[in-house]
2 protein chains.
Amino acid sequence: MRVRVLPRVPRSHRPHTTSSSLRPHCAPFPKRTHTCGALTAADVGSRVVLTGWLLPERKGGKLLSFFPLKDSLGTTQLVVNQPEDAPNQPSLSDVPVESSVLIEGTVLARPPSAKRSGPTGDIDVRVDNFILLNPADANLPFLPSNFRNVANEDLRARFRYLDLRRSALSANLRTRSKVAQAVRNILHEQDFTEVETPILLRSSPEGAREFLVPTRTPTAGDEPRFFALPQSPQQPKQLLICSGGVDKYFQIAKCFRDEDGRKDRQPEFTQIDLEMAYVSWGEQNTSSSRSNVWRIGGTEVRDVIETLMRKIWQDIEGIELAQKFKVMTFYEALKLYGSDKPDTRFGLKIVDATAWLTPEQRLAFDSRGEALECIPIRQSQEGPFVDLSRQCAFDPPLERVVLTEENLSLWLSQSSAAGGASIERQEDHINENLHLRLGDVVWLCRSPKVPRGGSSPLGQLRMQLCELAQAAGKLSLTTKPHFLWITEFPLFTRSDGDKEFLARGRWSSTHHPFTAPMWQDIEALYSGDVAGVRLFFTSRIGIHFAPPHQVRGQHYDLVLNGVEIGGGSVRVHDADMQDHIFTNILQLSEQEKTPFSQLLHALRCGAPPHGGIALGFDRLMTILCKTQSIRDVIAFPKTSVGTDLLFKSPTAVSEKVLEQYGIQPRR
Amino acid sequence: MRVRVLPRVPRSHRPHTTSSSLRPHCAPFPKRTHTCGALTAADVGSRVVLTGWLLPERKGGKLLSFFPLKDSLGTTQLVVNQPEDAPNQPSLSDVPVESSVLIEGTVLARPPSAKRSGPTGDIDVRVDNFILLNPADANLPFLPSNFRNVANEDLRARFRYLDLRRSALSANLRTRSKVAQAVRNILHEQDFTEVETPILLRSSPEGAREFLVPTRTPTAGDEPRFFALPQSPQQPKQLLICSGGVDKYFQIAKCFRDEDGRKDRQPEFTQIDLEMAYVSWGEQNTSSSRSNVWRIGGTEVRDVIETLMRKIWQDIEGIELAQKFKVMTFYEALKLYGSDKPDTRFGLKIVDATAWLTPEQRLAFDSRGEALECIPIRQSQEGPFVDLSRQCAFDPPLERVVLTEENLSLWLSQSSAAGGASIERQEDHINENLHLRLGDVVWLCRSPKVPRGGSSPLGQLRMQLCELAQAAGKLSLTTKPHFLWITEFPLFTRSDGDKEFLARGRWSSTHHPFTAPMWQDIEALYSGDVAGVRLFFTSRIGIHFAPPHQVRGQHYDLVLNGVEIGGGSVRVHDADMQDHIFTNILQLSEQEKTPFSQLLHALRCGAPPHGGIALGFDRLMTILCKTQSIRDVIAFPKTSVGTDLLFKSPTAVSEKVLEQYGIQPRR
């Protein structure tokens, strides 16, 4: 049969500027009846109106040609009988690749033997008529349909509207939308109220790491004044709960952080943010030192998040998660995995060998506040890692030695010695305690007795060994996600480099200053034994929580496969305690305290005990979509240095415009 | 029975700073079992643990006292047996009003004769024990529970966390959350994908009315560079649809507009934003001049929005809306109601009386491009408005006259004459045509034949009469919402004052430059008969659409009870046409066109025909919550001059901070 071109607009209605017959169709057209990517054998025989993008022709023969037609859901094969006798009739072969077309046709069954792969592989669509809705330029920057040769990332970022035509990316956007909706449905079922909090918020006096927004000054010469974009809706959500107007708040919230470029961070990001009134403060009797126990408050928040995750994994992955996720204290995580976000999908646990040293050696360690930690790599149990441990160099270099009495002494005196080693002798009683045999490898590290920061050298080694083993095909991690709660973080720490310019040598809140202490540690909070002043009590291996001499916070992090996907806490609801933390512990000046004045006052208005959490939605989606880059789950992401190659921003602004805000470029 | 106070934390765990027994409870407490505002007769006999805020005591008698306990859902009455014999025991009477308390008690039935009003009026709760969770200061800025004496707006804004404790406000927040979720559910059911678009977007060269965001400069002395916050996600959403990755997009999106203070506008606001690929371009044969016909494209968008509104009104109000909303052209709306967002809940339609003038008079009108319009106020039909029309003065003053031949001539020569008048004689044939009788009033106005702008003087008069009649109790508008689509707006207009600084005498897009012309008007778009160059053809009363000599856009506004709650359009998908509009009609410079370069190129990549709409979510919620102020449906609103009294922003920022962005205050 012949392909007939549908009637077009009368000549008089066409633009006068283009002469080609390949011009956009700006006139009525038939209504689409089917989605080309969703056609199935059930549609065979139907007359259909389809729309989509034309992919490169696959020559079928002299009288037949085949064109894949693509829409957001998938691709269908069009079959066209070549019009031999109408040379002036436009034909699909004349239409440039990636043009938008409307097809009227009939769904045909393919013989079972000729079934193509993919969901629409059962059928073809015979083209009866078509309309060229919008032609694509003959020279596109790249062809999104070319799976074999994906363009480089910069080019794809500049022309994101072409890149999003790739099915992999558009499927991620659909999954993201589906997950967000699942989250909202579950939280609504549990009587949460979604409340929008301000984006134009208040700048704090030392406002770096936040984005500022200048406001127009009423009269020339006025001092410029600024809003700031929120790093999180922390204060608004706490004020909301303090108000009592909302009992259970949530928001899928946009947040902003003006950080120096980091891999997989975006200056604007999304979090699933929630806060609840009357969350528990733990139990009266929780002196147990058992592992896998949630000793802090906030179990209501924990329950909500575990329900969310179970439902999402059920919906998206069809995986049934455990009814309760595992729990580990910060201390236990650092001692066993050298990380506050341990990947528990594989072993390589750290062992504290200090107790097996000679009394003199142990004294030397104790006097430095240090412990001897090691990761034994036994051929019998850690087989995949033995060769890797022997051959590879690790960064940062670890202090390592052959585990003999002599070399151990050597190592103790040479703190900077580095180098991997296999076990050559077995007499050493440490080797015995570690069940090491000839040919096994042991990694050693002198570590502070009080775990510091987010990861230790042995923790980093663990992750590097895992990556190498995966790359070498020696390790394949379970597809079942490993969720883990980390609790009982120290409430205060010395700040990391990122925030040191704010702390200036003072104590910092490990997470934020609103986190409540564990009630068992309130006395220490007031008596001045704040953090690190008294050390963790670690006289024997196996105590997996820090004793209350150090103030621990009611903070919980949710870790998934070694990635921190969220964190939250029970908050301080006692205004005097909050003021004590601001004034006496963090030693904030009056000016630094100003941005918190409304929260302090809200606490004095009968605020209920409350707590909450925030999950990084972009990271969660990256894991769910099984992609490596956060940019694959964001429609219009920024580059790793925070610029936008598509919109070509940020941009310069004329001085005349800046004038309205009372600012000017700095000379 | 006696009220027992539950065990507290050991003395050693309490803060040392407060000596009063009224200190916050920072220790474990029992889990809440019931919501006090949701208790019913079904709970009678239950042991309950409740939480909430204590309201002022209502004295019951010598041995009994009554306390209302409030949470976000409502209020329940507590009954306390006075402890006579334990003077040192803390009692609820000692607890300051608005303190947060936990109550253990038993639900009691009230005798039917003693039923109080409200949902929990059937029951009381006898208090067995209580915990003071957090005391409120004795001197609060105001008492949110005092319904009779609501504090002034400024005070309430400063202490929004107290104001939100009022049930009226918290109910609005819950309704808002419920409506947003209904919107999302309906759109997901219709295969829409919610996609987040960037908040840090690109500044346009003449970037006023937008908020800027300075970025940190890599090295000192670099030119400062800025992002801008989006006034709407217009470009990202069109790019998304052009990409083909998403077929049907929506987002409940945050938008930003840096406008001078206007009543009921907020610098940040929320819109329900959607966009669809392959929306229709109308019908081939739509020359009909009938009223209530949708002659443009975008019917798919119309269907989605009507479904949304029907579902929302059903869910929230229990009201069944019409299957199809009424449609009116821009021309018809201006001619009949003097407004492009007419309130059709009452009459007072405008009549064009030009045709009834003498031939000479008509010629005089025609030569000025004017028409004689009037609103007749007949005692027989517009009874409630007759006295108001006689007595009241209106702003702006209208040119009015007694409708006699002599006075009409007088009026024609005295363009500034003003004054209301009743009909004294009835001979005049205009009076006959208008069916006016002695004692009736007629409002007259000389109007441009081509309606201009959003409302005419008679349109404003109509609304003022309506307000006065309502205030005087003479008119009560139907509770059934009047939805109305306005279509066929002129595509280009002379800009209003707000944007004139951008237009500088050039034509402006009535809505935005991406709106497609009606296909019938494409020739005029290219031939230069753009807008207002040829006039509307209005030779007889009754033609309610503008003929195609003027370019009309495929734009649609949704009007509800005289309030524009949304607008959208079919977009230009022809890159050459879009360029023609930018270059030849709007006369944009190359620099002004720069921010649109990616959209122009995306159109050249085979973009499908597309269209969408945005609904003002805050306005919609204001109507649904039956409140007058947009601030009643926003958790943390800004004042009408765009400041935040709660967070006390915007604020000054130190020069040291500004330095990082390469800017400084202007001297």
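In what follows, every chain begins at residue 1, and chains take the letters A, B, ... in the order their sequences are listed.
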Non-neighbouring partners of A:Glu300 that pass salt bridge (charged side-chain N to carboxylate O under 4.0 Å, His left out), sequence neighbours left out: B:Lys31
Between atom OH of B:Tyr661 and atom CG of A:Leu212, what is the distance when rounded to the nearest 0.5 Å? 4.0 Å
Portion of B:Thr651 that has a non-hydrogen atom of chain A nearer than 4.5 angstrom: both
Taking the side chain as everything from C-beta on, heavy atoms only, tell me whether B:Glu283 gets closer than 4.5 Å to A:Pro28. no
Counting heavy-atom pairs under 4.5 Å to chain B, which of A:Gly245, A:Ser177, A:Ala136 comes out on top? A:Ser177
Honestly, the part of B:Pro144 sitting under 4.5 Å from a heavy atom of chain A is neither
Nearest heavy atoms of B:His573 and A:Asn134, plus distance in Å: O-ND2, 2.7 Å
In plain terms, say whether B:Arg176 and A:Glu196 are close enough for a salt bridge, that is, a side-chain N and a carboxylate O under 4.0 Å apart. yes
From A:Tyr278 OH over to B:Leu102 CG, what is the distance, rounded to the nearest 0.5 angstrom? 8.5 Å
Identify the heavy atoms of A:Gly642 and B:Phe227 that sit nearest to each other, and give their distance. O-CZ, 3.3 Å
side-chain hydrogen bond (donor to acceptor under 3.5 Å, both in side chains) between B:Gln660 and A:Asp258: does it pass, once the steps are laid out? CA-CA 11 Å; B:Gln660 302 177 77; A:Asp258 184 13; over 6 Å; no
B:Val195 versus chain A, heavy atoms under 4.5 Å apart: side chain, backbone, both or neither? side chain
The interface call for B:Lys638 against chain A, heavy-atom contacts under 4.5 Å, is side chain
To the nearest 0.5 Å, what is the distance between OG on B:Ser100 and CG on A:Leu603? 11.0 Å
Is the backbone N or O of A:Ala652 less than 3.5 Å from a side-chain atom of B:Arg225, with the two atoms forming a donor-acceptor pair by type? no
Hey, are A:Asp247 and B:Arg32 close enough for a salt bridge, meaning a charged N less than 4.0 Å from a carboxylate O? yes
Could you have a look at A:Glu223, A:Arg158, A:Glu659 and say which one has the most heavy-atom pairs with chain B under 4.5 angstrom? A:Glu659
Once rounded to the nearest 0.5 Å, what's the spacing between atom OH of A:Tyr161 and atom SG of B:Cys242? 9.0 Å
Between B:Leu658 and chain A, with a heavy-atom cut-off of 4.5 Å, which part of the residue counts as in contact: side chain, backbone, both or neither? side chain
At a heavy-atom separation under 4.5 Å, does B:Asp191 approach chain A through its side chain, its backbone, both, or neither? neither
Quick check: does any side chain N or O of B:Glu268 sit under 3.5 Å from a backbone N or O of A:Leu200, one acting as donor and the other as acceptor? yes
So for B:Thr217, is it side chain, backbone, both, or neither that comes closer than 4.5 Å to the heavy atoms of chain A? neither
Is B:Pro135 close to chain A through its backbone or its side chain, or both, or neither, when contacts mean heavy atoms under 4.5 Å? backbone
Nearest 0.5 Å please: distance from the CZ atom of A:Arg666 over to the CD atom of B:Gln664. 5.5 Å
Taking A:Gln235, A:Arg160, A:Lys254 one by one, which has the highest count of heavy-atom pairs under 4.5 Å against chain B? A:Lys254
Spatial distance of atom CG (A:Asp137) from atom SG (B:Cys605) [nearest 0.5 Å]: 6.5 Å
Passing candidate, salt bridge (Lys or Arg N to Asp or Glu O under 4.0 Å) with B:Glu194, options A:Arg174, A:Lys178, A:Arg184: A:Arg184
What part of B:Ala180 lies closer than 4.5 angstrom to a heavy atom of chain A: side chain, backbone, both or neither? neither
Test item: B:Asp644 side-chain N/O and A:Arg202 main-chain N/O as donor-acceptor pair under 3.5 Å: no
Hey, is the main chain of B:Gly606 close enough, under 3.5 Å, to the side chain of A:Trp53 for a donor-acceptor pair? yes
Top contributor to chain B contacts, counting heavy-atom pairs under 4.5 Å, from A:Ser280, A:Ala635, A:Pro236: A:Pro236
